[in-house]
Structure formats: C-alpha cells, structure tokens
Asks: 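Before we start, here is the structure in question, set down as structure tokens.
Whatever order the structure lists them in is the order used to number ligands and atoms, beginning at 1. Quick note: numbers below take in every heavy atom, side chains included, and nothing from hydrogens, waters or symmetry partners.
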Amino acid sequence: MSLHQTLTILTTLLAAGSAVPTPSPTTETSSTFPHLNALAQAKGKLWFGSSIDTTSSSVQDPTYMSIFNTASIFGQTTPGNTMKWDYTEPENGVFDFALGEETITLAKQSDKKVRCHNLVWTSQLPTWVSEASWTKESLLEVMKAHITKEITHYGSDCYSWDVVNEAINYDGSYTDNVFLNVIGEDYVTYAFQYAREAIATLGASADIKLFYNDYTISRPGSKVTAVLDLISKIQAAGDYIDGIGLESHHTDTYYPSVSDLSTVMNQYAAKGLEIHITELDVACKSTPCSWSGQLGQAQAFYNVIHACMENDSCRGMAFWDFNDKYNWIQPSTNDGEGDATVLWGNYASKPALTAVVEALKGESCSVC
Ligand code: G3I
C-alpha cells in the first residue's frame, strides 16, 4: 500500500477527530527553491522549465520573478499566451510581436531556451479567422502567411514551435475548427510544410524544431492511436516534424501510470520524435487541496517526471506555471478545481515539489 493510500484511509478514519499531522512546508524563495534545471541537465536532459505569461500580474511579483529568473531552477520557458494568433495577428495582415518579445527578452536574461507556442490552434483564434467565409485556397494563404511571419520574426530565438496544437479529440476524431471545416484534415500537414519552408528561408544555421502538441496523449487509447496516425501522415508528406509535446494537465485522482507513459513514449520515440513534457500541472478536484489530494498530486508529478527521466527520447520537462496564484486553473472558474502547481499562492511548498526533485534524482518517491 502506498503512502498516499495509507493516508487516504487514515484521513477518512480520523475525519471526525483530530487531523492527520502534516509536515511543515518550506516557504520558497529563489535561495531555497530546488535547482530543477540543474538536476535535469545533470542527468542529460535539455532542461527543466516553466511557462510565463507576461500579461499576468506574476511578472510584478518579485518573489515569483526571482525564482523564474534563476537559470539553475528553470532553463526553459514557454509564453503561456502571447505568441498565440489572437495576440500576434489580431487583424488580417496586422502583426504584433511586442508581447511575445517580452518572453524572449526574459529568456535571454536568464539563459533559457524558448518553446514557442503556438501557430495553429482552435482556441485564442481571432474571429476574423474563425468566423469569416473562406475558400480552401484563401484560408491556406492566410494560414501560410501567419506561420511564415511568426517563424521568420522570432527566428532562432525559438528552440522549437508548437506548429499545430490539439488537433485530435479524445475519441480520435479531428477537433472541429475552421481549418478542418474549410481545408480538411490535411490542414495539419500543410501547416507543418509551411513551417519547414519558413525555416528554410532563414538559412542553414536556423535549427528550429517543429512540434505537434496535445493533451490526453500520455496513456494508450483511441487518441494516441489517432495521433500516431497523424504523425505518420505528416512524415509521409515530407521531413516536416521533429517532436511531440505531451501536455500534462492531470488531476490528483486521474493521472497516467509510469507504465502508460513509457508505453506511449516508446511509440513516439519509434517514430523518431523528440519528446517534451509540456504544460505540466496537476489540479486537485476539490479545493483547498486536502492532504490526501496533495499526495495524489505528488504521485502524478512524480510519474510524469520519472517516466521522462527514464526515456532517452524525452528531452525536457516544463511546468505550466509554478505557483497556484498564477496558474490558469482557478477554483472560481473551474468548478472548484485548482491548487494545480507545486507551490501554494503564499510560496509554501507542497509534497509535489519533493516528488519532482526525487524523480529528477532517480530516487523513489517518499511522499507518494
Ligand atoms: O487578455 C485578456 C484580458 O484583456 C482580460 O481582461 C481577461 C479577462 O478574463 O482575459 C484575458 O485573456 C485571458 C488569457 O488567458 C490571458 O490571461 C483569457 O480570458 C483566458 O481564457 C486565457 O486563458 C488561457 C487559455 O490557454 C486559453 O485557452 C490560459 O491563460 C493559458 O494558460 C491556456 O493555455 C493552454 C495552452 O495554450 C494549450 N493547452 C491548454 C492550456 C490550458 O488551457
């Protein structure tokens, strides 16, 4: 029986009486926060990172920024919003890269690689794209212009681009969007082709990797089968895709096992893809997250990091924020779910942070 299961039973038994004692958390600062990036790199990985949203008040929080800016803590970042279509091309042919540049500047100041995110996605797509009447040719032209402008603007400041995001539903069908409806399923391949062509215009020194990024692809099932088919289709069309991002939005009660993760990672690796753990956060189904919930959360974080550390094709991992105050899953807007990161809003650490460190070090989980 795991510590998590034991404590779940104890918590239930003692619910009416005194609470199960919980260890005192550390209140983290940049001096105490574990050096996750250094730990990952010591074991041969490219990085451990975290997203940043420069439109959020997090960037005005000195404690937050001093942790974020410490290169040994985070060696990679991803803009949480500011390179998406609604920010970068709010009107047809009118481009604005200023907010995205803020992330590039921050990354350069603390020696971070940037996973640029994203080029073609159903969400955060301006209505001039999603609600206009297009022919296949006119929408392909608009999609190509968008991809080309973003890639050539940011150039080698991007380690990689998430070219297409979340194209497949849980049941394996294609996600409904304007690109699918007007262009057909091939819009995905076209997007990768245009991205590769844009990189070629930057010259031989531009080595920017092209990724497909999606959620619920961490355990075998219909969606993973469909995503593998999609990758085969892109690869049959040309040398267009380099990697896959496993968005890791899990919960304290539903998360992949190490065995599930290693099965699917081996399938992606067999396609020759570089694997990244992206967007890692683990929401508690009810908040404030109970002690038992925190241990389930720790197990979820541990499984994901451990599986990546064990797989040579899995090259890097990143949180989708590292403080509950700023994570996108807030109880007020997500039916009470939240507390999804390794730190409480007041910077007190959770068992999940211990679990992440132990997974990076190759140790067993003491808090799972
Ligand atoms: O910018 C406006 C601001 O002007 C306005 O005052 C405010 C009022 O609510 O909204 C602001 O926009 C919000 C934006 O984040 C920036 O904070 C949107 O409402 C909000 O919907 C948007 O949420 C983002 C979400 O993608 C949208 O789908 C999250 O921050 C972002 O973390 C999340 O990230 C996605 C990944 O890109 C892809 N995978 C899933 C992941 C989680 O949904």
Asks: Answer yes or no for atom 20 (C) of ligand 1: protein heavy atom present at a distance under 4.0 Å?
Replies: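 Under the 4.0 Å cut-off, atom 20 (C) of ligand 1 has no protein heavy-atom neighbours at all.
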Asks: In ligand 1, which numbered atoms sit nearer than 4.0 Å to a non-hydrogen atom of Glu166?
Replies: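 Result: 38 (C), 39 (N), 40 (C).
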Asks: Quick check on contacts: which atoms of ligand 1 are under 4.0 angstrom from a heavy atom of Asn165?
Replies: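 Those qualifying, in numeric order: 38 (C).
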Asks: Of the protein's non-hydrogen atoms, which lies at the shortest distance from atom 30 (O) of ligand 1, and what is that distance?
Replies: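 Of every protein heavy atom, Asn81 ND2, 2.9 Å lies nearest to atom 30 (O) of ligand 1.
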Asks: Take the angle between the ring planes of His117 and Trp121 and call it parallel below 30°, perpendicular above 60°, tilted in between.
Replies: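 If you compare the ring of His117 with that of Trp121, the planes turn out tilted.
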Asks: Give me the nearest non-hydrogen protein atom to atom 22 (C) of ligand 1 as residue plus atom name, then the distance to 0.1 Å.
Replies: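 Result for atom 22 (C) of ligand 1: Gln124 NE2, 4.0 Å.
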Asks: Checking side-chain polar atoms at under 3.5 Å, does Thr175 have a donor or acceptor matched by the opposite partner on Asn177?
Replies: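 Asn177 and Thr175 do not have a side-chain donor-acceptor pair below 3.5 Å.
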Asks: Quick one: which of Tyr87, Trp328, Trp121 has a heavy atom closest to atom 35 (C) of ligand 1?
Replies: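 Going through Tyr87, Trp328, Trp121 one by one, Trp121 has the nearest heavy atom to atom 35 (C) of ligand 1.
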Asks: Nearest protein heavy atom to atom 2 (C) of ligand 1: under 4.0 Å?
Replies: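 No, because not a single protein heavy atom sits under 4.0 Å from atom 2 (C) of ligand 1.
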Asks: Output yes when a protein non-hydrogen atom is found under 4.0 Å of atom 5 (C) of ligand 1, and no otherwise.
Replies: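 Not a single protein heavy atom is under 4.0 Å away.
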Asks: Of the protein's non-hydrogen atoms, which lies at the shortest distance from atom 33 (C) of ligand 1, and what is that distance?
Replies: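 Going atom by atom, the protein heavy atom closest to atom 33 (C) of ligand 1 ends up being Lys84 NZ, 3.7 Å.
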Asks: Look at atom 32 (O) of ligand 1 and say which protein heavy atom is nearest, naming residue and atom and giving the distance to 0.1 Å.
Replies: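 So the nearest neighbour among protein heavy atoms is Trp320 NE1, 2.9 Å.
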Asks: Which of the atoms of ligand 1 are close to Glu279, meaning less than 4.0 Å from one of its heavy atoms?
Replies: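 Near Glu279, the atoms of ligand 1 are 36 (C), 38 (C), 39 (N), 40 (C), 41 (C).
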Asks: I'd like to know whether ligand 1 has Tyr215 as a neighbour, heavy-atom separation below 4.0 Å.
Replies: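 Checking ligand 1 against Tyr215, which is what was asked, there is no heavy-atom contact under 4.0 Å.
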Asks: Which of the numbered atoms in ligand 1 are below 4.0 angstrom from a heavy atom of His249?
Replies: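 With His249 as reference, the close atoms of ligand 1 come out as 40 (C), 41 (C).
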Asks: I'd like to know if Arg196 and Asp242 make a salt bridge, using a cut-off of under 4.0 Å between side-chain N and carboxylate O.
Replies: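 Salt bridge present between Arg196 and Asp242.
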Asks: Is there a protein heavy atom at a distance of less than 4.0 Å from atom 26 (O) of ligand 1?
Replies: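 Yes.
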Asks: Before accepting this row, confirm whether a basic side-chain N of the pair Asp339/Lys350 lies closer than 4.0 Å to the acidic partner's carboxylate O.
Replies: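 No.
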Asks: Does the protein put any heavy atom within less than 4.0 Å of atom 9 (O) of ligand 1?
Replies: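 No, because not a single protein heavy atom sits under 4.0 Å from atom 9 (O) of ligand 1.
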Asks: Does any N or O in the side chain of Tyr326 come within less than 3.5 Å of the main-chain N or O of Val59, such that one atom is a donor and the other an acceptor?
Replies: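 Looks like no, no N/O pair under 3.5 Å.
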Asks: Do Asp324 and Thr341 meet the criterion of a side-chain donor-acceptor pair at a distance under 3.5 Å?
Replies: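 Thr341 and Asp324 do have a side-chain donor-acceptor pair below 3.5 Å.
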Asks: Less than 6.0 angstrom from the centroid, inside 45 degrees of the normal: does Lys223 satisfy that with respect to the ring of Tyr215?
Replies: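 Lys223 over Tyr215 ring: yes.
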Asks: Checking Asp214 against Asn165: is there a side-chain donor and acceptor pair closer than 3.5 Å?
Replies: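 Asn165 vs Asp214: no donor-acceptor pair found between side chains.
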Asks: Report yes or no: does Lys45 contribute a side-chain atom to a donor-acceptor pair with the main-chain N or O of Cys308 at less than 3.5 Å?
Replies: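 It does hold such a pair.
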Asks: At a 4.0 Å cut-off, with the gap strictly under it, does some heavy atom of Tyr326 reach an atom of ligand 1?
Replies: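 No, that is not the case, since the closest heavy atom of the residue is not under 4.0 Å from the ligand.
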Asks: I'd like to know if the side chain of Asp260 pairs up with that of Tyr255 as donor and acceptor (distance under 3.5 Å, no hydrogens or angles considered).
Replies: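 Tyr255 and Asp260 do not have a side-chain donor-acceptor pair below 3.5 Å.
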Asks: When you check the gap from the basic side-chain N to the acidic O, do Lys285 and Asp335 get nearer than 4.0 Å?
Replies: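 Between Asp335 and Lys285 there is no salt bridge, as every charged N stays at least 4.0 Å from the carboxylate O atoms.
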Asks: Is atom 43 (O) of ligand 1 close to the protein, meaning a heavy atom under 4.0 Å from it?
Replies: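 Given the 4.0 Å limit, the answer for atom 43 (O) of ligand 1 is yes, a protein heavy atom qualifies.
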